[in-house]
Structures are given as C-alpha cells and as structure tokens.
Protein chains: 2
Amino acid sequence: MPAAARDYEPVAMVTIRDVAKKSGFSPTTVSIVLSNAPLARYIPAETKQRIEKVAKRLGYRPNSFARALRSRRSHAVGVMVFDMTDPYCTLILRGIESSLYQASYLPILTDVHNERSRFERYLEMLLDRRVEALIVLANWLFLDINLLADLEKSRIPTVMIGRELRAEAISSVVVDNELGARTALDHLYSLGHRKIAFIRGPKMLTDSAPRWKGIRSFAHSAGLELDAELIVDLPESPQALSSFEAGYQLTEELLLRKRPFTALLAFDDMTAFGAIRALSKAGIRVPEQCSVIGFDDVGPAALYTPSLTTVRQPMEAMGSMGVSVILDGINRALEKKEFDTVHHKLAPELVVRESTRAQQ
Amino acid sequence: MPAAARDYEPVAMVTIRDVAKKSGFSPTTVSIVLSNAPLARYIPAETKQRIEKVAKRLGYRPNSFARALRSRRSHAVGVMVFDMTDPYCTLILRGIESSLYQASYLPILTDVHNERSRFERYLEMLLDRRVEALIVLANWLFLDINLLADLEKSRIPTVMIGRELRAEAISSVVVDNELGARTALDHLYSLGHRKIAFIRGPKMLTDSAPRWKGIRSFAHSAGLELDAELIVDLPESPQALSSFEAGYQLTEELLLRKRPFTALLAFDDMTAFGAIRALSKAGIRVPEQCSVIGFDDVGPAALYTPSLTTVRQPMEAMGSMGVSVILDGINRALEKKEFDTVHHKLAPELVVRESTRAQQ
DNA sequence: TCCCGAAGTTCGATTTAAATG
DNA sequence: GCATTTAAATCGAACTTCGGG
C-alpha cells in the first residue's frame with residue numbers, strides 16, 4: 001500500500017486485543033474488566049488497575065458497533081417530531097435531551113415535516129438502527145389511526161408527548177388541558193372580565209375538547225354566561241393555515257360581529273399572537289382595551305410586546321417524563337417483563353404577564 | 001385476524017442466512033445481491049429477483065450494527081448545537097435534517113447547553129458512535145481555542161455553521177455579515193432616517209466586527225454621520241444577560257441620554273425585541289415614532305406586533321450547505337483523498353415588514 | 001466450592017479467495 | 001479464461017464453558 005494512502009488511515013483503532021497483548025492478559029479478562037461485567041467481582045484489584053492503565057495509555061475506546069451487535073443494545077432512542085419549526089417543540093426537546101444525556105442515551109432526531117411518507121421512512125430507519133425506544137412529539141398533526149398502528153407494530157417502548165391517547169396501547173404524557181383552560185378563564189374572570197371571546201381548537205385535536213370542557217365547567221360554576229357569538233373555531237386543516245394566521249383572521253371576524261368583548265381566550269399562544277395583531281390593527285390596544293391570554297407558553301410569549309399572559313405547559317418536565325416512561329419500558333423489556341402503557345397528565349401553570357389586565 | 005397477523009410474523013430477527021436458506025443460495029450471494037455490491041454485475045437477473053422476492057417475503061432488514069462493524073460506516077453524522085432554545089437554531093436544523101434525509105444519513109443531535117463539560121462528553125460519545133462527520137452550530141458561545149482543537153483532533157469532516165472561522169482547519173458556512181449590516185443601514189437610510197441608534201454585538205463574537213464594518217462603510221459612502229452617543233454595545237458575557245434583556249436595558253440607556261433618534265439598528269432580532277419593548281414602555285410607538293430593524297429573521301420576527309423588519313440569514317440554505325460540505329468531505333475520505341476545508345459565505349436578504357417606516 | 005483466567009463461540013453482514021461447470 | 005456461486009475469514013466485543021489452583 002502506498003505511503004500516502006496509508007497516511008490517512010487514522011491512528012489504527014486500538015482494540016480489546018491490543019490492550020490484552022500489552023497488558024499480558026487475555027481479551028476475555030480485558031473485556032470483563034473494562035465493561036465491568038458481573039464476573040469482574042472475581043478479578044483482583046491489581047489486575048483491574050493494570051488493565052485500565054494500559055487501556056487508558058493506548059487510548060482504547062470500545063467499538064460501539066461490535067458491542068451493540070453482540071449485546072443487541074444501541075443505547076439510542078428515536079425521537080420523532082412532526083414539525084421542528086413549531087416553537088412548542090423546543091423546550092420539550094430540551095427536556096428529552098437532558099434526561100437522555102443523564103442516562104447516557106443518545107437521541108436520533110427526525111423531523112417528519114407533517115408528511116406521512118417521511119414518517120414511514122424515518123420510522124423504518126430508526127427501527128433499522130435498533131433504537132431501544134421511541135419518543136413521538138405530536139403537535140399539530142392529524143393523528144391518523146394508521147400512524148398509531150405503525151408505531152404499535154414497532155414493539156418497542158413508545159411514548160407520545162403532547163397528545164391525549166387514553167385508548168391506545170402507547171404511553172402518553174400530556175398537560176392537564178381541562179385544568180389549564182379552567183385556570184385561564186378563572187384568571188380573566190377574577191380580573192373582572194365578563195364579556196369574553198373564545199378561539200377554540202379544531203375538533204380533530206384531542207386537546208380541544210378537554211380545554212373547552214374546562215371552560216364550560218368554570219363558566220358554569222361561576223355563573224358566567226358564554227355568548228355563542230363570541231366563540232369561533234380554528235379550522236380543521238392545519239396545513240391550510242397556521243394557527244397564527246387563523247388567529248388573526250378569526251379575530252377580525254369577531255370584531256366584525258360588533259359584539260363587544262373585553263378579553264379573549266385563545267386556543268394557544270400562536271393563536272393569541274395572531275389575535276393581538278388583529279386587535280392592534282383595529283386600533284384596539286392590548287391589554288388596555290382588551291386582555292388576551294394564550295396557552296402553552298412558547299418561547300416567544302415572553303418576548304412579545306406586550307408579553308403574553310398564558311397557561312404554561314411544563315414542557316421540559318413533559319420531555320423528562322417521556323424519557324422516564326420509555327426508560328422504564330426498556331428496563332422492563334430487559335427483564336423480559338411486559339411493559340405496560342402509562343398515561344401521565346401534568347399540571348399546567350398560569351403565567352401572568354402584561355397582556356391581561358383588570359377590567360374596570 | 002389471520003391476515004393481519006401474518007403481516008409481522010417475525011418475532012425472531014430474520015438474517016441473511018434465513019434468506020439464503022429459503023432462496024436456495026448462499027449467504028454470500030444474498031449479501032452481494034441485496035447490498036448491490038460490485039460483484040452483482042455477474043449475477044443473472046433471475047437470481048437477483050428470486051433473492052429479492054424471498055427477502056421481501058420474509059421481511060428481511062439488514063442489521064445495521066453488523067453492517068457498520070464490517071464496513072466501518074455508520075451513516076450517521078453528529079450535530080452539535082450550543083443552545084437548542086435559541087430560535088436561531090431551528091431553521092438551520094431543519095436545513096440540515098432535510099439534506100441529511102435526502103442522503104440517507106441520520107443525525108445524532110446533541111445540545112451542549114453552552115457547557116464545556118457537555119461539549120466534551122458529547123464529542124466523545126459521537127466519536128464513539130463513529131459518526132462520519134460533525135456539524136457544529138455555534139451561536140452564542142465563546143469559541144474557545146481548545147474546543148476548536150478538540151474538534152480538529154476528531155479527524156473527521158467538520159463544519160461550523162454560523163461563525164466565521166477563516167483561519168482554522170475547520171470548514172465554515174456563514175452569512176455575509178458585512179453585506180447584511182450594510183443592507184440594513186441602507187434600508188433605514190433610504191427611508192429617510194438620519195439619526196440612527198446602534199446596538200452593536202459583543203467583540204468576542206466574530207460576527208460583530210464585519211457587521212460594524214458594513215455599517216461604517218455604508219455610512220461613509222452615503223455621507224452619514226455616526227453619532228457616538230447613539231452607539232451601545234451588547235455585553236461580552238452572554239451568560240449574564242440574554243440579548244433580549246440586554247437590548248431592553250441598552251435601549252433604556254439610550255433613551256436616558258436624551259439624544260433623539262428616529263431609528264434603531266439592532267445587532268440581532270432578539271436585541272430588537274428587547275429594544276421594542278423598551279421603546280414601547282417609554283411610550284414611543286414603533287414604527288410611528290421610531291423604526292427598528294433586526295438581524296437573522298428568527299421565527300418570532302414574523303409573529304411580532306409590529307412584525308419585524310430584519311436581515312434574513314438564509315438559514316435553511318446554510319444548513320443544507322453545511323451538509324453538502326461534510327458529504328463532500330466524507331466522499332473524499334472514502335477515496336483516501338485529503339479533504340480540505342472550505343469557507344462559504346451566503347448572501348443575506350432584507351425582509352421589510354412593519355417595524356420600519358419612512359421618516360417624514 | 002470459590003477464585004482467577006483463557007479458549008472458543010457468537011452476533012450478522014461483508015469480502016476475499018477459490019471452486020464449479 | 002469466463003460467468004456464476006460459495007466456503008471461509010473477518011470486523012470487535014461479549015458470553016459460555018472450562019481448567020487448574
């Protein structure tokens with residue numbers, strides 16, 4: 001082989017055999033020591049130290065493929081996001097990442113772009129890589145029964161974050177939507193608002209129903225009347241219109257109805273941003289003339305002018321919770337036990353900022 | 001249902017040997033056919049078809065570990081982000097993801113949280129996984145010489161996105177900062193603004209100097225005088241203050257100086273958001289009384305009220321370019337050629353929205 | 001039976017060298 | 001020599017089994 005070609009060959013990888021040779025022990029012993037296998041109990045400290053010293057000196061790094069091939073463990077989990085650009089994802093992703101990091105797992109992140117074909121291809125790629133579990137971060141997507149079936153077929157621990165899923169054989173982590181919506185309305189009500197407009201979520205989103213339920217239950221208990229003229233719905237097809245634009249248009253529509261309102265409760269922060277813009281366009285100042293409250297507490301909410309009062313989803317915690325669910329699943333599976341699906345519902349938190357104010 | 005059950009008969013993994021047995025050929029032949037190796041030339045179409053049919057029927061999926069172990073290729077690339085929550089990352093990540101997807105590579109995403117220890121640990125983990133290349137997305141971090149040295153030591157194709165890096169032995173993809181800043185000032189100037197305030201970037205960021213250079217060069221060519229009283233700098237330590245908060249405080253400081261200005265050019269969008277809030281607090285309406293322009297065009301810029309005029313970095317394109325750089329590097333390395341470092345500078349684009357307006 | 005260490009097999013695919021007609 | 005196919009070696013670590021003290 002010519003010298004030039006040989007030159008690139010990066011510092012020939014040092015294997016367990018090299019360590020064995022240099023230390024005078026067999027590959028077996030080296031393996032047992034370095035991977036701290038159960039049998040390592042029997043090996044005297046001096047042997048261990050000698051082997052470890054040699055390993056370090058040679059810069060030995062175990063080959064993860066060989067290890068994975070033999071042990072059937074990848075120490076990787078697949079993370080599927082339906083749309084990276086949705087700010088709803090970022091903090092959840094951070095929560096996932098932090099927890100995986102602590103557990104020494106590596107995330108393989110895939111962005112489905114809301115396309116079925118990508119979903120299928122990525123799922124296949126992830127399973128081919130033998131990810132040990134799947135974390136799916138659903139935000140806007142219309143969750144087709146077929147997608148769920150595909151996920152179930154994977155036969156590995158799977159958790160969905162951000163979408164209620166009681167019935168399915170897949171674990172889930174969601175915020176308590178009903179409580180959150182209740183809290184939001186409670187906030188507006190306590191500030192003295194009585195004429196309140198609502199932008200509801202689309203029916204196809206499983207979050208929509210519980211949020212509306214929370215609103216009705218609070219209204220009922222507080223004796224607040226909900227005016228049908230002040231209630232509008234986000235469109236069913238997320239593709240057609242972002243919730244920002246939809247919020248904008250629906251608010252314009254509300255204004256056209258000439259039914260006065262002093263506060264607006266939006267389905268989520270994006271919708272709220274759209275609403276604020278429409279109000280502002282119409283010369284209505286927020287919060288002086290109209291309070292606006294969102295849901296989620298995405299990153300931009302704090303940066304907005306006025307900063308957005310909203311119901312925070314504990315996104316980092318939801319990400320961490322998702323990880324702990326699949327970690328449990330992995331451990332169960334290792335012990336040959338069935339891993340059963342669990343459903344967690346985390347409490348939201350009201351974040352009062354500048355976009356809401358007392359009604360005189 | 002019997003039909004459905006047949007769909008995934010494999011509980012035990014089906015290997016190349018199973019396919020060989022069922023098809024009546026040897027594992028060697030099967031491997032050659034299914035991986036479409038050079039030798040496949042000699043294999044008659046009929047044999048190929050038979051093998052492929054059997055493989056499909058059995059649901060054969062090659063074991064990626066075995067393949068990677070033998071071929072020494074992981075088909076994965078490491079992506080390091082210094083702070084996921086920075087909205088600057090999202091679109092770049094999407095660009096990276098899209099391009100990797102097309103090339104059938106999988107990204108392993110790691111979030112360094114601006115911590116050195118995480119950087120080091122993650123770098124080690126990625127190299128242990130034998131990622132074939134590294135894409136580093138630097139945003140705010142103080143790019144220590146040691147980090148760069150660590151990256152160079154990796155000996156695999158590496159590209160840094162978002163940070164100028166001419167001197168180093170690492171490829172880079174950046175926006176043309178000088179041109180961008182020039183364009184921003186040109187915009188304000190064309191609108192009739194003459195008393196313009198500037199919030200500059202910290203010196204430690206390599207972007208700061210070229211941006212300021214662009215501003216000075218435009219000012220010089222247009223005969224615009226820069227008033228030192230209207231120039232402030234973001235703090236050097238990013239940890240202490242987010243650029244949003246810093247933008248807020250620095251704008252308050254500018255206002256205290258009582259030196260009138262009709263426009264403000266912020267170092268980036270986050271700074272601009274902070275500035276708008278400070279102006280708004282002070283009762284100064286944007287853009288009626290003061291125009292504000294940012295830099296980057298992060299996601300929230302379009303959602304803001306008023307929507308933010310800004311200089312867009314072509315972030316998806318930068319991500320894609322980064323991928324194409326490392327893909328080239330990988331191919332060079334496969335051919336045992338040296339891969340040399342390249343430096344790309346992409347053109348920014350002015351995005352005129354509502355936060356700027358002509359000065360009467 | 002306990003302790004210490006090693007030989008040999010296995011994981012599943014790729015690849016080299018060689019065997020057929 | 002040619003087209004076609006394959007046995008056997010290999011990648012690097014982990015595990016099973018075994019032997020001697």
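Side chains included, hydrogens not; waters and symmetry mates left out as well; all remaining heavy atoms used. Model, not experiment: these values are computed from the prediction. Letters A, B, ... are given to chains in the order of the sequence lines, protein chains preceding strands, and every chain is numbered from 1.
- Put simply, CG on B:Leu34 is 14 Å from P on C:dT15, counting in whole angstrom units.
- Across all strands, A:Leu69 comes closer than 4.0 Å to base atoms (heavy-atom distances).
- Five base pairs at each end of the helix from C:dC2-D:dG21 to C:dG21-D:dC2 define two local axes, and these are offset by 70° (rounded to 10°).
- A donor-acceptor pair is defined here as one N or O able to donate and one able to accept, closer than 3.5 Å; such a pair exists between the side chain of B:Glu132 and the backbone of B:His75.
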Every protein N/O lying under 3.5 Å from an N/O of nucleotides 13-15 of chain D:
{"from": "D:dA13", "atom 1": "OP1", "to": "A:Tyr60", "atom 2": "OH", "distance (Å)": "2.7"}
{"from": "D:dA13", "atom 1": "OP1", "to": "A:Asn63", "atom 2": "N", "distance (Å)": "3.3"}
{"from": "D:dA13", "atom 1": "OP2", "to": "A:Ile16", "atom 2": "N", "distance (Å)": "2.5"}
{"from": "D:dA14", "atom 1": "OP1", "to": "A:Arg67", "atom 2": "NE", "distance (Å)": "2.6"}
{"from": "D:dA14", "atom 1": "OP1", "to": "A:Arg67", "atom 2": "NH2", "distance (Å)": "3.3"}
{"from": "D:dA14", "atom 1": "OP2", "to": "A:Ser31", "atom 2": "OG", "distance (Å)": "3.1"}
{"from": "D:dA14", "atom 1": "N3", "to": "A:Arg70", "atom 2": "NH1", "distance (Å)": "2.9"}

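- Using a 3.5 Å distance cut-off with no hydrogens or angles, the side chains of B:Ser104 and A:Arg121 do pair a donor with an acceptor.
- In this structure, a donor-acceptor pair under 3.5 Å is present between the side chains of B:Ser99 and B:Ser320.
- Between the P atom of C:dC3 and the CZ atom of A:Arg41 lies a distance of 7 Å, rounded to the nearest Å.
- A salt bridge links A:Arg116 to A:Glu120: one of the charged nitrogens lies within less than 4.0 Å of a carboxylate oxygen.
- In this structure, A:Leu134 and A:Leu123 have side chains that are in contact, with non-hydrogen atoms separated by less than 4.5 Å.
- At C:dG5, one or more side-chain N or O atoms of A:Thr47 fall inside 4.0 Å of OP1 or OP2 (strictly under the cut-off).
- What separates CD1 of B:Ile43 from C1' of C:dT15 is a distance of 13 Å, to the nearest Å.
- The nearest whole Å value for the distance from the CD1 atom in B:Ile51 to the P atom in D:dT4 is 13 Å.
- Under the rule for a side chain to side chain donor-acceptor pair (under 3.5 Å), the partners of B:Thr29 that lie at least two apart in sequence or sit in another chain are B:Ser26.
- Each of A:Ile96, A:Val159, A:Val173 was compared with A:Val323 under the side-chain contact (heavy atoms from CB on, under 4.5 Å) criterion, and only A:Ile96 meets it.
- Among the heavy atoms of the strands lying under 4.0 Å from A:Phe25 are primed sugar atoms or P, OP1, OP2 only; no base atom is included.
- Between B:Met13 and B:Asp18, every side-chain heavy-atom pair lies at or beyond the 4.5 Å cut-off.
- Counting only distance, with no hydrogens or angles, the side chain of A:Arg118 and the backbone of A:Asp111 share a donor-acceptor pair below 3.5 Å.
- Atom-to-atom, CZ of B:Arg129 to P of D:dG12 comes out at 18 Å; the value is rounded to the nearest Å.
- Distance OH (B:Tyr42) to C1' (C:dA19): 16 Å, rounded to an integer number of Å.
- One interatomic measurement links the two molecules: NZ of A:Lys48 to P of C:dG5, which rounds to 11 Å at whole-angstrom precision.
- Here the C1' atom of nucleotide D:dT5 and the CZ atom of B:Arg50 are 12 Å apart, to the nearest Å.
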